[in-house]
Amino acid sequence: MVTEQDIWHWLEDVNDPEVPVLSVVDLGVVRSVNLLDNEVEILITPTYSGCPAMQVIENGIRSKLAEKGLKNVTVTTVLSPAWTTDWLSEKGRKKLREYGIAPPENEVDKSALFADPVVVPCPICHSKNTRMVSQFGSTACKAHYQCNDCREPFDYFKCLK
Amino acid sequence: MNNSISTYTLRIADDSLILGHRVSEWCGHGPILEEDIALTNIALDLIGQATSLLEYAAATEGKGRTADDLAFLRYERDYTNVLLAEQPNGDFGQTIVRQWLFDTFRLFFYEALCYSKDPQLAAIAEKSLKETKYHFKHSSEWVIRLGDGTEESHQRAQAALDLLWRYAEELFFMNAVDHELIAQGIAVDLTTIKPLWLERIQHVAKEATLKLPETNWVMKGGREGQHSEYLGYLLAEMQYMQRTYPGMEW
C-alpha cells in the first residue's frame, strides 16, 4: 500500500536539472502530494515565472512515479502562494554549500537603491570578504559573487521573498 | 467566460511579451558580460510572466486558443501592448530608461493587483512582483549611474528620457473594460498608482541629475491595437518559426 509519505520519499530522488545537487523537495518546489485511491495529484510551483526547468521537473516527477508503478498521476502548477527561498530545506542549504553555491541570506529591502549588498560567505574558503559581481547570474535564481580572499568566483542562490 | 477579464489580462501579457522579446535582443550584445546576463534574465522573467498571463487570457477567452496561439498567431492590430514596450532598444541608455519607466510602473501595478478579487490575477501578481523588485532596482540604479556618470553617459540618458517620456502616459490608459473590472474589485484603478509612479520617477531622476521633459505631448494607441512602425518588424521575427512551420514543436 503506497502512502503519501512514500511518494514524498521517492520525490527526494527527483533533482532540479539546473542545480542537480538539490531535489525538488529540498527546493520547496513540490507543494503538496494528494493520494486518493489510485490517483496521485502533485502540486508544484515555479521558483521564477520563466524558470525553464519546470517542464523537466514535471517529467522527472512523472517518470519517477511511473517507475514505482503509479500510473494515474496529475502534476499541476500553482502560482500562489508564491515560492520563496524560505522554503529551501535545511538539508538543501547544506547541500548547496557543499556543492559550491552560497545559500540565500536574509536580505535588506530591495527598494533601497545602492544599499550594500548582503554579506555572503564564500562557500569555498568561508571568508566573509566577498563582493557581488552582478545581481543576475547563470540562472534566474542566482546572483554572481567573487571571494576577495581566495579569489574564487561563485554563485549565490539569491533571496526571493 | 468573461471577455473583459481576458481583454484585461491580454494587455498585461502583451506588455510583458513584447518588452521581454525586445530585451532578449540584447542576448550576446550586452555592453559587458554581467549586463548581458542581467538583461537576458530580465527578459526571461518577462516572458515567463507573459506565459502565465497568456494562459489565463486564453482560458478566460473561451475560444479554444492556447497561450502559444495568442503569442505567435495574432496580427499586429490584435496586440494591445503599450507603445513604450515595442520601442527599439537603441543604445544601452535607451534600453535602461525604457525599462526604468516600465519597471517603476509594474512595481506599483503588481503591488495593487495582488489584492485583485480574481484569484488567478492576484496569484500571477504576487509571483511577478518578487521578480519585478529586482528589475526595478537594476534599472533605477543604472539610470542614476548613467545620468550622474560621465558627460557622455548623462547626455545619452537624457536623450533617451527626452525620446521616451511621451510614451509613459499610455501606461495609465484605462477604458470601459477597466472601469467594469474596477467596480468588481478585479482591476487596478491606475489613477491611484500614477502619483506613486511619478513621485518615484522624480526621485530617481533627481538623483540621476536628469530632467523630466516639460511637455504634454503624448503618444498612445497601443492599447487599442494602433502601433508604431516598430511592432511589425518585431512580430515578423518573433512569429517567424510558427508562421513558417505551423504547429512546430521542440
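So that the names make sense, note that chain A is the first sequence line, chain B the second, and so on, each numbered from 1.
- Within a 6.0 Å radius of CZ in R11(B), other residues, nucleotides and ligands contribute more than 12 heavy atoms.
- Dense packing is recorded around CD of E98(A), with more than 12 heavy atoms of other residues, nucleotides or ligands lying under 6.0 Å away.
- By the neighbour-count criterion of 12 heavy atoms within 6.0 Å, atom CD of E67(A) is densely surrounded, having more than that number from other residues, nucleotides or ligands.
- Panel note: side chain E141(B), backbone F114(A); a donor-acceptor pair is recorded below 3.5 Å.
- Residue contact with chain B, scored on non-hydrogen atoms closer than 4.5 Å, involves the backbone and the side chain of T84(A) alike.
- Between S140(B) and L113(A) the shortest side-chain heavy-atom distance falls below 4.5 Å.
- Between the side chains of S80(A) and E126(B), at least one donor N or O lies within less than 3.5 Å of an accepting N or O.
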Using distance only, find each side-chain donor-acceptor pair of residues 119-128 of chain A under 3.5 Å and give its atom names and separation, not counting sequence neighbours.
{"residue": "S127(A)", "atom": "OG", "partner": "N129(A)", "partner atom": "N", "Å": "2.9"}
{"residue": "S127(A)", "atom": "OG", "partner": "D149(A)", "partner atom": "OD2", "Å": "2.7"}

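- The closest donor-acceptor contact from the side chain of K130(B) to the backbone of W83(A) lies under 3.5 Å.
- Proximity to chain A is absent for every atom of I47(B), based on heavy atoms less than 4.5 angstrom apart.
- Only the side chain of Q120(B) comes within less than 4.5 Å of a heavy atom of chain A; its backbone N, CA, C and O stay farther away.
- Put simply, the side chain of S52(B) reaches to within 4.5 Å of the side chain of L79(A), judged on heavy atoms.
- In this structure, the side chains of Y48(A) and L44(B) stay at 4.5 Å or more apart for every pair of heavy atoms.
- Inter-residue side-chain proximity for H138(B) and Q135(A) is flagged as unmet; no heavy-atom pair is nearer than 4.5 Å.
- Counting only distance, with no hydrogens or angles, the side chain of K127(B) and the backbone of P81(A) share no donor-acceptor pair below 3.5 Å.
- Ring orientation note: the planes of H135(B) and F136(A) are tilted relative to one another, at an angle of 30° to 60°.
- Listed options L33(B), I144(B), V204(B), T51(B) were ranked by heavy-atom pairs under 4.5 angstrom with chain A; first place goes to I144(B).
- When atom types are taken as modelled, the side chain of N41(B) and the backbone of G137(A) share a donor-acceptor pair closer than 3.5 angstrom.
- Of the listed residues (P52(A), S134(A), C51(A)), the greatest number of heavy-atom pairs within a distance under 4.5 Å of chain B belongs to S134(A).
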